[in-house]
Amino acid sequence: MYLNPILSTQNEHIKALARLAAKPAERRARGQLLLEGIHLLDAALQHGLAVDEVLVQSRALAHPEVSALLARLPASCRGHEVSEAVMAKLSSLNTPPELIAVIPTPAAAAPNADDSLLLLDAVQDPGNLGAILRTAAAAGVRQVWLSPQCADPWSAKVLRAGMGAHFAVALHTDAELTRVLAEFNGPAIVTSLDATQSLYALDLRQPCAFVFGNEGAGVSAPVLARASHPVRIPMPGVAESLNVAAAVAVCLFEQVRQRLPG
């Protein structure tokens, strides 16, 4: 593909992309986001996502993985060859990546009746959120609902921590979690240190809604009131609680274990 050269950080298009990288409101208004690096662009293409634009560092043009990715891009995709300074202006990494892609923000598919749901209430740490999305994708939970107080799932840090998981799940942002739970027909499970029932005593083979809250404050009172099954994760050790990403992994993979044949 033809790559139009852009070498100056003062280029107006580069300034617009820098705003897109830095500001969630800009991403919402434009309906686009940036993917940093080979792995995320490869994951997006594997899931059939459209790519509007790609920017490649001059020194990376001879990289075989970069060449292979460029060959997979649609003819409609615009390409730019950029300097390292331009890439550094757009990237959140200490070492700028070989390439950055601009893609439309994926739309969230509606859930099916047999889908389990993952509801996140004010999970604000980008690393935790990305790890949670990666766990959900690995466990086969395809529907994720995020309250307005959650970290922006399309930020560079969350995308990097998710390792491509964003493209395997449906992300419903700015969700009213109480409404989602009111409309869900199955059990709504929330972990609580005060619960008496063990997670492992609960039948999780049916579709479930798993609810997890803020790293410090936990699940908010209105959302907690809608959860039908408060459970505890047995912890025979000395820790008072689990990191929210670890708690999600324990719960989702307990459902995976229960659903295994035999």
Side-chain angles (χ1 to χ4, degrees), residues 27-28 31 33 35 39-51 103-123 126-148 150-155 158-191 199 202-213 219 223 226-229 231 244-261:
R27 290 193 285 275
R28 288 192 293 270
L33 59 99
L35 304 180
H39 177 80
L40 285 177
L41 177 55
D42 178 56
L45 290 173
Q46 285 185 33
H47 285 87
L49 271 66
V51 180
I103 71 168
T105 304
N112 297 314
D114 58 350
D115 282 338
S116 282
L117 311 183
L118 175 60
L119 282 68
L120 303 178
D121 188 8
V123 174
N128 278 341
L129 181 52
I132 288 168
L133 297 180
R134 191 175 179 186
T135 294
V141 175
R142 298 183 294 271
Q143 296 288 332
V144 183
W145 303 77
L146 294 87
S147 76
C150 283
D152 176 19
W154 302 112
S155 71
V158 181
L159 282 162
R160 191 158 58 248
M163 296 288 289
H166 290 67
F167 313 130
V169 300
L171 286 174
H172 304 267
T173 56
D174 296 324
E176 186 180 341
L177 301 187
T178 53
R179 180 189 61 79
V180 176
L181 290 174
E183 295 175 356
F184 184 71
N185 293 323
I189 298 156
V190 61
T191 58
L199 168 73
L202 201 61
D203 184 354
L204 304 177
R205 291 171 293 177
Q206 61 191 304
C208 301
F210 294 94
V211 187
F212 298 90
V219 176
V223 176
R226 285 283 185 180
S228 56
H229 290 71
V231 298
V244 63
V248 171
V250 170
C251 293
L252 297 193
F253 275 93
E254 174 59 13
Q255 183 178 63
V256 170
R257 185 196 67 81
Q258 291 189 19
R259 286 177 166 180
L260 291 173

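Of all the heavy atoms in Gly164 and Ala43, the pair that sits closest is CA-CB, 4.0 Å. Considering all non-hydrogen atoms of both residues, Val123 and Gly213 come closest at CG2-O, 3.6 Å. Across all their heavy atoms, Phe212 and Val219 have their closest contact at C-CG2, 3.8 Å. Arg27 and Leu33 get closest at one heavy-atom pair: CD-CB, 4.1 Å. When all heavy atoms are compared, the tightest approach of Ala245 to Ala131 is CB-CB, 4.1 Å.
Under the 3.5 Å distance criterion, the side-chain polar atoms of Gln258 are matched with a main-chain donor or acceptor of Leu202. Here the side chain of Arg259 pairs a donor or acceptor atom with the backbone of Arg205 at under 3.5 angstrom. With hydrogens and angles ignored, the 3.5 Å screen pairs a side-chain donor or acceptor of Ser147 with a backbone N or O of Ala122.
The environment of Asn185 atom CG is sparse: at most 12 non-hydrogen atoms of other residues, nucleotides or ligands sit within 6.0 angstrom.
In this structure Arg134 satisfies the salt bridge (charged side-chain N to carboxylate O under 4.0 Å, His left out) test with no other residue, sequence neighbours excluded.
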Donor-acceptor contacts under 3.5 Å from residues 138-146 side chains, at least two apart:
unit_1, atom_1, unit_2, atom_2, d
Arg142, NH2, Asp115, OD1, 2.5
Gln143, OE1, His172, NE2, 2.6
Gln143, NE2, Ala109, O, 3.2

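Between His47 and Phe167, the two ring planes are tilted [angle within 30° to 60°].
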